Protein chains: 2
Amino acid sequence: MTRRQPAPPEQSQRRIEEMTEALRQAGQRITPQRLAVLKILAGSSEHPSVERIYEQVVREFPTTSLATVYKTLTLLKSLDQVLELGFAHWGSRYDGKTPHPHPHAVCLICGAIADPELPHVEEMAQEMARRSGYRIDRHQLDFFGLCPDCRKKA
Amino acid sequence: MTRRQPAPPEQSQRRIEEMTEALRQAGQRITPQRLAVLKILAGSSEHPSVERIYEQVVREFPTTSLATVYKTLTLLKSLDQVLELGFAHWGSRYDGKTPHPHPHAVCLICGAIADPELPHVEEMAQEMARRSGYRIDRHQLDFFGLCPDCRKKA
DNA sequence: TATTAATTAAGAATCATTTTCCTTTTGATG
DNA sequence: CATCAAAAGGAAAATGATTCTTAATTAATA
């Protein structure tokens with residue numbers, strides 16, 4: 001018997017469990033729709049948009065509404081289980097694999113998003129706190145340009 | 001005779017000249033409405049929103065439309081004469097004093113924005129370019145938290 | 001398995017921003 | 001100065017992402 005849905009890699013599996021656990025601990029229900037959203041978040045490194053997540057959920061649950069996806073994302077955000085990359089002009093993108101704030105590179109042509117580890121991020125946040133007098137709780141560090149593919153083509 | 005409008009401080013004056021010059025060199029007209037927007041940008045350190053800019057322009061030119069403010073900002077952006085801080089959920093804020101990309105601290109309660117100079121920003125951009133393979137053209141580095149005033153009150 | 005509070009679906013509403021389309025202004029030229 | 005074409009402005013409609021509303025459905029558990 002062949003598996004129709006490939007089993008999620010264990011790292012993704014672990015994230016799914018973390019997220020469901022976080023929902024449970026917050027007294028939230030694990031509905032099929034939520035589970036679907038959450039699997040997509042745990043399984044994709046593309047930093048999907050709401051629309052993209054919605055497309056995939058609808059395949060499994062055709063009656064799903066966009067609002068449900070938004071609500072689930074809002075819920076997961078409030079539990080720090082997904083990182084929202086909020087952009088002013090292109091709509092938000094979501095990172096469910098690494099939900100704590102970290103820097104991203106965004107391609108201005110194709111919208112690809114990369115997030116290599118960068119050193120000295122926390123130092124910079126602390127330096128900002130010190131110099132501004134603000135208490136810093138989170139950050140969003142976005143670097144915009146062209147991804148390797150689009151550089152070739154451009 | 002008392003001046004009704006206080007003369008702009010010379011730093012602000014210099015920026016106004018830079019901006020008008022940039023418009024001229026781009027073959028763009030310096031209309032009264034544009035000049036009004038541009039003065040506000042050059043003169044305010046509060047990183048005003050579109051609405052805020054509009055309010056002030058309307059005082060001088062009561063028939064001004066919001067669209068004109070938007071159009072002027074788009075124009076100035078395209079000439080790199082204003083920096084747009086694009087936020088997903090609160091609308092954009094604008095920096096006309098320091099139009100090149102630089103980090104900001106944003107208060108989650110009152111919306112105050114500070115931008116102290118931070119070292120190592122360029123290094124970080126280069127490091128991101130190196131590790132991601134992207135060509136980095138610009139960035140938006142936002143640190144969110146509470147400003148000194150709101151810390152006291154909270 | 002029945003109960004009930006939570007959740008969903010669908011569409012309407014909202015908000016920032018952009019576009020459209022028509023009028024006014026501008027600046028060059030005669 | 002008058003004329004004219006192009007640029008810019010104004011008002012309102014359109015857009016697009018997101019949030020809200022309401023009634024119907026469903027998950028968790030008694």
Side-chain angles (χ1 to χ4, degrees), chain A residues 19-38 40 47-79 82-94 106 111, chain B residues 19-20 22-40 47-79 81-94 106 111 140:
Chain A
M19 290 167 123
T20 50
E21 185 51 27
L23 285 176
R24 260 194 217 94
Q25 292 203 353
Q28 298 290 332
R29 295 180 180 170
I30 319 287
T31 65
Q33 293 89 335
R34 284 181 179 173
L35 192 57
V37 168
L38 188 153
I40 291 157
H47 302 79
S49 64
V50 173
E51 202 61 48
R52 202 113 186 61
I53 294 166
Y54 173 69
E55 285 169 13
Q56 300 187 247
V57 177
V58 160
R59 278 182 217 151
E60 219 185 324
F61 301 97
T63 68
T64 306
S65 144
L66 245 189
T68 298
V69 178
Y70 274 106
K71 284 182 195 154
T72 303
L73 287 169
T74 301
L75 175 57
L76 291 172
K77 268 192 286 176
S78 76
L79 302 173
V82 67
L83 180 69
E84 176 176 47
L85 308 182
F87 299 115
H89 302 286
W90 316 301
S92 290
R93 303 277 294 268
Y94 296 86
V106 181
Chain B
M19 291 168 121
T20 51
L23 285 175
R24 259 194 217 94
Q25 292 203 353
Q28 297 289 331
R29 294 179 180 169
I30 320 288
T31 66
Q33 292 91 336
R34 283 180 179 174
L35 191 57
V37 169
L38 188 154
K39 279 182 187 168
I40 292 158
H47 302 79
S49 64
V50 174
E51 202 60 48
R52 202 114 186 62
I53 295 166
Y54 173 69
E55 286 169 13
Q56 301 188 247
V57 178
V58 159
R59 278 182 217 152
E60 220 185 325
F61 302 97
T63 69
T64 305
S65 144
L66 247 189
T68 298
V69 178
Y70 274 107
K71 285 173 191 166
T72 302
L73 287 168
T74 301
L75 175 58
L76 290 172
K77 269 192 285 174
S78 76
L79 302 174
Q81 289 301 317
V82 68
L83 180 70
E84 175 175 50
L85 309 182
F87 300 115
H89 302 285
W90 315 302
S92 291
R93 303 278 293 269
Y94 296 87
V106 181
Q140 182 172 337

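Everything quoted here is computed from the prediction, not taken from an experiment. Letters A, B, ... are given to chains in the order of the sequence lines, protein chains preceding strands, and every chain is numbered from 1.
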Regarding A:Gln33 and A:Thr64, do their side chains bring together a donor and an acceptor under 3.5 Å, going by distance alone?
no
A:Thr31 side-chain N/O to D:dA27 phosphate OP1/OP2 under 4.0 Å
no
Using only side-chain N and O atoms of B:Thr63, determine if any of them is under 4.0 Å from OP1 or OP2 of D:dG10.
yes
Which one, D:dA11, C:dT25, D:dC20, comes nearest to the side chain of B:Arg29?
C:dT25
side-chain N/O A:Arg34 vs C:dT7 OP1/OP2, d < 4.0 Å
yes
Out of D:dT18, D:dG10, C:dA10, which nucleotide sits closest to the side chain of B:Lys71?
D:dG10
B:Leu76 CG - D:dA8 P separation (whole Å):
12 Å
Measure from the side-chain heavy atoms of B:Thr74 and tell me the nearest of C:dT8, C:dT18, C:dG11.
C:dT18
Report yes if at least one side-chain N or O of B:Gln28 is closer than 4.0 Å to OP1 or OP2 of D:dA7; otherwise report no.
no
Among C:dT19, D:dT18, C:dA10, which nucleotide has an atom closest to any side-chain atom of A:Leu66?
D:dT18
Give the nucleotide from the list C:dA9, C:dT17, D:dT18 with an atom nearest to the side chain of A:Ser65.
C:dA9
Close side-chain approach of A:Thr68 and A:Arg34, heavy atoms under 4.5 Å
no
Would you indicate, yes or no, if D:dT26 has its OP1 or OP2 atom less than 4.0 angstrom from a side-chain nitrogen or oxygen of A:Gln33?
no
Check whether any side-chain nitrogen or oxygen of A:Tyr70 sits under 4.0 Å from OP1 or OP2 of D:dT18, and answer yes or no.
yes
How many whole angstroms separate atom CZ of A:Arg24 from atom P of D:dA28?
8 Å
